[in-house]
2 protein chains.
Amino acid sequence: MRIGEVAERAGVSVRALRYYEEQGLVIADRTPSGHRRYPESAVERVRFIQLLYAAGLASKAIRQILPFLDTLVATPQMTRRLMDERARIRDQIDALTRAHDRLDELIRLSAEYENAPAACSAT
Amino acid sequence: MRIGEVAERAGVSVRALRYYEEQGLVIADRTPSGHRRYPESAVERVRFIQLLYAAGLASKAIRQILPFLDTLVATPQMTRRLMDERARIRDQIDALTRAHDRLDELIRLSAEYENAPAACSAT
DNA sequence: CTTGATCCTCACGTTGACGTGAGGTTCTAG
DNA sequence: CTAGAACCTCACGTCAACGTGAGGATCAAG
């Protein structure tokens, strides 16, 4: 599979795939002329990488987690990394929830204002 | 109130406060000699800014929202911005939740491995 | 055999929220 | 009155995940 097809099917740019390789997240064979060749599994792997990037993991953290996907052999470091990141994500969800609730309040207030522009202080 | 105290009480760096001023998020008086003077309310304001930054809002978005806090007068642009950001945050929470659940699976698998290292494939 | 699509490797540019000196002034406590 | 803490303004550095050409090789089709 060529890089363009992987990119399209995984929903990322060609440049991103080259970057992932540079970071050691995806390994690609090469044709004699130097073009990258990917296995089918690369598509799912890249989607998983995107999932983790979207959750704010750094490439370093992803690099520490990915080998587990391949081997299903977990070192203590991997397990700890997994749990650390899960905790970080939980914290992040909490922070986002707080912000969401706060924006909700403000939106209610602004709706109130729009329904009674001239008597806003009377509500 | 001087900048150092605001920084400590709001839990941010002095540099961050100067940056917020540069971005038009916090206004500070000046003493004749040029030192910044903040009102008490600055502490809460800065905490709110931090809440929004933590939720991934850009300073531009925060700048469009903050006037509402002061005046309680919402322009349609403010309301739209509030709702856009709320939606963005909801999406982000969803993405984080997906990643969290996925990590959960992996952690369960890795725990399984650690409990039966030699018979991992037999589980 | 040629042409247009796809691929390659540098390598610099981007964006945001600050960090980090440099070099100098002002405040405060003793 | 003096030392050290706190403040000031530049202004360049950082980090991450790519974007964006430049300049050139390779591939698939007619």
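Each chain gets a letter, A, B and so on, in the order its sequence line appears, and its residues count up from 1.
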Using whole Å, what does the distance between atom [atom2] of nucleotide [N] and atom [atom1] of [X] come to?
X     : N      : atom1 : atom2 : answer
A:Y53 : D:dA17 : OH    : P     : 4 Å
A:E22 : C:dT9  : CD    : P     : 10 Å
A:E5  : D:dC27 : CD    : C1'   : 15 Å

Looking only at side-chain N and O atoms, does [X] come under 4.0 Å of OP1 or OP2 in [N]?
X     : N      : answer
A:R30 : C:dT9  : yes
A:Y19 : D:dC18 : no
B:Y20 : C:dA17 : no
B:R18 : D:dC8  : yes

| Stepwise, does the salt bridge (Lys or Arg N to Asp or Glu O under 4.0 Å) test hold for A:D104 with B:R90? | CA-CA 11 Å; A:D104 246 17; B:R90 256 201 298 257; 5.5 Å; no
| message | Quick check for you: to the nearest 0.5 Å, what is the distance between A:M83 atom CE and B:L103 atom CG? | response | 11.0 Å
| task | Kindly indicate, with the supporting measurements, whether the criterion salt bridge (Lys or Arg N to Asp or Glu O under 4.0 Å) is fulfilled by A:E105 and A:R102. | result | CA-CA 5 Å; A:E105 287 176 38; A:R102 196 86 178 76; 3.3 Å; yes
| note | Here the residues of residues 31-46 of chain B within 4.0 Å heavy-atom distance, strictly under, of DNA chain D are B:G34, B:H35, B:R36
| query | Among A:I62, A:I65, A:L57, which one satisfies side-chain contact (heavy atoms from CB on, under 4.5 Å) with A:R81? | reply | A:I65
| task | Check for a donor-acceptor pair, side chain of A:R45 on one end and backbone N or O of A:L25 on the other, with a separation under 3.5 Å. | result | yes
| request: May I ask you to say what A:L57 touches in the nucleic acid, namely base, sugar-phosphate or nothing, with a heavy-atom cut-off under 4.0 Å? | output: sugar-phosphate
| query | Base, sugar-phosphate alone, or nothing: which one does A:R2 contact when heavy atoms must sit under 4.0 Å apart? | reply | sugar-phosphate
